[in-house]
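Down below is the structure, laid out as structure tokens.
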Amino acid sequence: MRLFIFFLLLIYSQSIFALSIDDSVKSTIANNLKVKIAFEKLNESKETIEVAIGKKLPTVTGIISGTYSNSDTTSAAGVSTTPETFTDKYKVSITQNLYDGGEKSLEIERSKIIYENAVINFYKTVQDLSLTAVEGYLTVINYEKSLEASEKNFDSVSRFLEEVKLKYELGSATITELKNAESAFSIAETNLFSAEQNYKVSLKTFKSIVGKEAINLEDYVNIEDDLNFDNILSEVYKNNFNILIAQNNIKIKEFDLSKEKGSNKPTLDITASTEYSDGSRIDAGSENTNATIGLTLTIPIFQQNIDKSDIRKINSQILQTEIELEDLKESLNIEVSNYYKNYLVSKSNLNTSLLTIEYANTLLESTQEEYNLGTKSITDLIEAETNLLNVNVEYFNANKNYLINYFNLLALDGSLIKLFEEYLPSYN
């Protein structure tokens, strides 16, 4: 693939302290609270594997008890008293499942799939935020350059207005030319105000996402500009995060079905215990030690048909998730088609805008020369200046749309996150 550097503007000088897109995404991953929440959910999900593995281990319980007893008995023969006793008892029991129809092993595998989904969701969260950071980055640059163009246009129109006012006072300009200049000034003033407000909002939005001030942003992006629709769609079907999650959801339901079928199988448990008791703490008593070991076989005979109902329900859920997966693929096909179409259109618009800017610059220079010679009016000059502003703004918008469509396509096939993998926190 051909790697090239695409300039967001016509060549501008770069600051050695410039904040790049990589820097912005790195800061977003490090500071955004949504990433921190997703990371904690990842840690939480990891514990489900530990719990599932732990259920295969034996259960060990210890019991310590103390019993005080004292009684008096009154009868016709008189009163008899039982000596006071305080009995200590210590008991340790160990229970181990020997056979459960594979239910615990299935639960371990199921928990691993759940954890895998948590990892995918973590990547998805980071990728979505990375995409938002990229869009915020491009938006700041777009509004910054639009503001620069609006300021330049405002200065030019202000100068033209002053010139027309002077000529009008000297009688060499008509009232129509003066009104046209005042109207152009008012429009330029409004455009400048709008550009200033857009730029201020974009700065605030950028900082809320990235956690850094949008200062000295680099105005170029390294991209590989040879996207192919069929290749993208193929990668989307294999690597899209939502598809991977949907496929895992089917596996989870299949494990649920296997576990439910296994619940009809018998289980075998072995229990061993040892007990020691001492009844001589207060009065002469006795010590007793005993140990037992036993096997328990549990055979399900009738469960009110609940198990059969649950099996039918899970089969229905599997079918639902399979249908949802097919629906998701169709939706993604449409989404990729739209982004790819927009990508091609914005790329074409970008090339057109570059040619239009070149023409608008030539037209302005020509109009300026003709104005100096007296063959063009001040109105013609203002229109040429305003036209240059408009085509520059169109270029900025086309460039932003081009890059956003490009990065959205990378996000759909799961490859956007690969650009920033080195910034991800370790979760193993």
Side-chain angles (χ1 to χ4, degrees), residues 4-12 14 18-21 24 130-157 184 187-207 209-210 214 216-223 225 227 335-364 382-412 416:
F4 72 97
I5 297 179
F6 184 82
F7 286 89
L8 297 181
L9 266 184
L10 303 176
I11 301 175
Y12 279 83
Q14 301 298 309
L19 181 66
S20 66
I21 279 187
S24 301
S130 299
L131 183 60
T132 303
V134 169
E135 291 182 0
Y137 185 99
L138 297 175
T139 299
V140 170
I141 292 179
N142 186 49
Y143 284 139
E144 182 180 19
K145 300 309 177 185
S146 294
L147 177 58
E148 290 175 2
S150 296
E151 288 173 339
K152 183 178 179 181
N153 176 255
F154 179 77
D155 291 341
S156 297
V157 173
I187 293 172
E189 188 176 39
T190 300
N191 289 338
L192 178 59
F193 176 78
S194 176
E196 289 172 341
Q197 297 307 307
N198 287 334
Y199 181 56
K200 288 178 181 178
V201 172
S202 71
L203 291 177
K204 292 180 180 178
T205 303
F206 182 86
K207 186 176 181 181
I209 298 168
V210 177
N216 294 327
L217 301 187
E218 292 181 353
D219 52 12
Y220 66 89
V221 181
N222 293 328
I223 64 174
D225 186 36
L227 299 182
E335 193 171 359
V336 171
S337 299
N338 280 326
Y339 274 123
Y340 191 74
K341 174 204 67 178
N342 294 337
Y343 164 76
L344 294 178
V345 170
S346 57
K347 186 176 181 179
S348 176
N349 288 339
L350 189 59
N351 293 330
T352 301
S353 295
L354 288 172
L355 295 174
T356 306
I357 287 175
E358 184 179 351
Y359 169 74
N361 272 309
T362 302
L363 179 62
L364 179 58
I382 291 174
E383 287 179 354
E385 179 70 34
T386 303
N387 180 60
L388 179 60
L389 167 68
N390 292 334
V391 296
N392 270 300
V393 172
E394 289 174 2
Y395 168 75
F396 302 142
N397 289 330
N399 183 70
K400 176 189 171 185
N401 291 335
Y402 167 66
L403 291 172
I404 286 178
N405 286 322
Y406 172 84
F407 283 114
N408 269 296
L409 287 170
L410 295 188
L412 285 174
L416 180 62

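Just so you know, these numbers come straight off a predicted model, no measurement behind them.
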Locate the shortest heavy-atom distance separating [X] from [Y]; write the atom from each residue and the value.
X	Y	value
L203	V140	CD2-CG1, 4.0 Å
F396	S146	CD1-OG, 3.5 Å
V336	L409	O-CD2, 4.0 Å
L389	N191	CD2-ND2, 4.1 Å

Side chain of [X], backbone of [Y]: donor and acceptor closer than 3.5 Å?
X	Y	result
Y406	L227	no
S348	L344	no
N153	A149	no
N387	E383	no

Task: For Y339, all residues meeting ring-ring contact (aromatic ring centres under 6.0 Å, His included), sequence neighbours excluded - done: none
Open item on the list: Checking N142 now: which residues fulfil side-chain hydrogen bond (donor to acceptor under 3.5 Å, both in side chains) with it, not counting sequence neighbours?
Closed with: N397
Task: Partner set under side-chain hydrogen bond (donor to acceptor under 3.5 Å, both in side chains) for T386, not counting sequence neighbours - done: none
TODO: Give, for atom CD1 of I187 and atom CG of L192, the distance between the pair rounded to the nearest 0.5 Å.
DONE: 13.5 Å
